[in-house]
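Quantities reported herein were computed from a predicted structural model and do not represent experimental measurements.
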Protein chains: 2
Amino acid sequence: MDQTAPQKGTVTQRAIEQIKAMIGEGRLEPGQRLPTERDLATQLGISRSSMREAIRALTVMGVLEARHGSGIYVTQLEAGDLLETFGVVADLSRGPRLVELLEVRRVLESTATALAAARITPDQLADVEKHLEAMNATDDPEEILSHDLAFHRTIALAAGNDTMAAILEGLSSRTFRARVWRGYQEEDAFARTRREHARIHRALVARDPEAARAAAAAHVGEVEEWLRAQLDE
Amino acid sequence: MDQTAPQKGTVTQRAIEQIKAMIGEGRLEPGQRLPTERDLATQLGISRSSMREAIRALTVMGVLEARHGSGIYVTQLEAGDLLETFGVVADLSRGPRLVELLEVRRVLESTATALAAARITPDQLADVEKHLEAMNATDDPEEILSHDLAFHRTIALAAGNDTMAAILEGLSSRTFRARVWRGYQEEDAFARTRREHARIHRALVARDPEAARAAAAAHVGEVEEWLRAQLDE
DNA sequence: CAGGCCGTAGTGGTCCGACCACATCTCTGG
DNA sequence: CCAGAGATGTGGTCGGACCACTACGGCCTG
């Protein structure tokens with residue numbers, strides 16, 4: 001009966017798919033500006049409210065970006081944009097799933113660290129050292145955590161796989177780390193963490209991928225094991 | 001000035017954070033039904049339209065689920081629910097990022113296969129064999145792809161880490177595989193893929209994690225290398 | 001002429017109220 | 001006792017109005 005709409009699913013869902021398809025087919029380039037919400041709604045034959053929901057959905061996915069007063073734009077579709085929601089998983093996960101997430105992180109982090117050992121540039125290595133020293137120079141947990149994150153982030157970026165780095169970023173999101181950290185530091189974890197970080201750094205300097213992989217795996221595995229023990233009690 | 005709203009960001013964004021916080025704090029349990037859109041809007045002091053956008057956002061994140069005529073419910077917050085959007089990344093990625101995604105998949109898939117070699121049950125192994133045989137018994141590319149996906153999915157589930165399995169599911173999403181497959185099968189890839197799958201299967205039967213890891217890494221690496229070569233031309 | 005100021009048009013953000021489509025329960029009639 | 005018809009409540013959609021912000025251009029001033 002109708003010329004375009006096969007009428008499957010909700011109107012909003014259809015709009016989401018159509019815009020996604022436009023980008024997939026290359027009709028919308030990264031960075032490009034879309035028509036106004038009102039025009040888009042007219043083109044697809046739906047109301048502005050429904051169109052806004054579709055846009056909101058694509059926005060949280062990191063595909064679109066809405067700038068108040070300016071317009072709607074396609075993001076650069078980089079790994080960081082699209083994998084931002086990954087952090088939500090970590091935030092809402094609890095119990096056994098936290099261990100699973102840590103297991104995934106251990107696998108990826110060890111690989112990324114190994115790659116970094118082979119590819120890291122002097123500049124990046126200097127950055128790593130900067131965060132390492134800053135981390136050892138203070139006792140403020142908040143600051144330590146901040147440099148801890150930057151330490152691993154720099155290494156992940158040095159691995160040369162932005163997608164992997166973006167996933168690791170999500171897995172190490174602030175609240176995630178902070179929550180695990182809270183009870184972890186009760187024991188002698190501070191000193192141990194410093195030793196592990198130093199070990200990772202030495203492997204990077206030595207450009208030894210296998211040592212780097214082992215050090216990173218042990219580092220994450222340490223937390224993982226502790227958390228696993230916590231769950232058993 | 002105000003009693004509740006710190007007035008940061010858009011109203012919708014605030015609503016998203018608030019609902020997310022409610023779940024994070026455990027005030028909303030998985031599977032539980034939320035108040036109606038109208039009530040929620042009233043509670044948070046915003047309009048129903050804005051509340052709907054917030055709900056839509058949380059829906060695409062896999063946190064909430066709206067059932068027409070029934071109500072809004074919190075999902076089980078399982079890995080599959082939350083990582084569904086991961087497939088979108090694969091769908092919209094192109095060029096160098098496809099290689100990066102395959103690299104991530106290679107790392108995770110090889111680990112998952114190694115774990116499966118140690119943990120797979122006889123029932124699961126029978127499933128794997130079923131898909132292996134079905135894959136070899138037909139020439140329909142569509143059917144082959146379907147069993148290929150199921151083959152790896154079963155193995156990933158046997159690894160015992162649902163989160164890892166969910167990520168791999170996203171990375172192997174239908175369109176992603178199909179797109180890479182299209183030109184890949186021009187060469188003698190069919191026979192090679194069969195050999196590789198058989199090799200993975202043998203490693204599982206032998207309960208040899210290292211052999212399984214190597215076989216899986218080679219399997220994914222094969223496609224990865226082909227794609228990398230394609231990009232260079 | 002150069003530069004900054006300000007008005008204005010256009011954009012996304014929010015709100016309202018109405019109606020539709022669907023699921024569920026309830027009440028009725030057999 | 002059960003099945004069907006209805007009533008009720010829910011999410012889904014729509015249209016229009018107004019607000020908040022941005023961007024651009026013309027105006028005014030120095």
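One can place CD1 of A:Ile46 at 8 Å from P of D:dT13, the figure rounded to the nearest angstrom. If you measure from atom CZ of A:Arg48 to atom P of C:dG12, you get 7 Å, rounded to the nearest angstrom. The CD atom of A:Glu37 sits 16 Å away from the P atom of D:dC21 (whole-angstrom rounding). A:Arg56 places its CZ atom 7 Å from the P atom of C:dG13, with the value rounded to the nearest Å. Counting to the nearest Å, the P atom of D:dG11 and the OH atom of B:Tyr73 are 9 Å from each other. In this structure, A:Asp39 atom CG and C:dT11 atom C1' are separated by 11 Å, rounded to whole Å. Rounded to whole angstrom, the span from the CD atom of A:Glu53 across to the C1' atom of D:dG11 amounts to 10 Å. One atom, CG of A:Leu58, and another, P of C:dG12, lie 14 Å apart when rounded to the nearest Å.
Comparing atom distances between the B:Ile72 side chain and each of D:dG11, D:dT13, C:dG12 picks out D:dG11 as nearest. In the set C:dC15, D:dG11, C:dG12, D:dG11 carries the atom at the smallest distance from any side-chain atom of B:Arg52. Distance from the side chain of A:Val11 is smallest for D:dT13 among the nucleotides D:dT13, D:dG11, D:dC21. For A:Arg38, whose side chain is taken as the heavy atoms from C-beta onward, the closest listed nucleotide among D:dC14, D:dG11, C:dG13 is C:dG13. Considering only the side chain of B:Arg33, D:dT10 comes nearest among C:dG13, D:dG11, D:dT10.
Taking a cutoff of 4.0 Å between a charged side-chain nitrogen and a carboxylate oxygen, B:Arg228 and B:Glu225 do not qualify as a salt bridge.
Contact annotation: A:Thr12 does not reach the phosphate of D:dG12 (side-chain N/O to OP1 or OP2, under 4.0 Å). Neither OP1 nor OP2 of D:dG11 sits under 4.0 Å from any side-chain N or O of A:Thr10.
When each of A:Ser49 and A:Ser70 is assigned the nucleotide of DNA chain C with its nearest heavy atom, A:Ser70 is the one assigned upstream, toward the 5' end. Nearest-nucleotide positions on DNA chain D for B:His68 and A:Ser50 put B:His68 closer to the 5' end.
You'll find the side chain of B:Gln18 stays beyond 4.5 Å of the side chain of B:Leu40, heavy atoms only. Two residues are said to be in side-chain contact when any heavy atoms from C-beta on lie closer than 4.5 Å; A:Glu65 and A:Ile72 fail this criterion. Annotation: side chain of B:Asp162 is not in contact with side chain of B:Glu78 (no heavy-atom distance under 4.5 Å).
No contact: B:Ile55 has no heavy atom under 4.0 Å from any strand.
Using bins of under 30°, 30° to 60° and over 60° for the plane-to-plane angle, the ring pair B:His131/B:His147 lands in the tilted bin.
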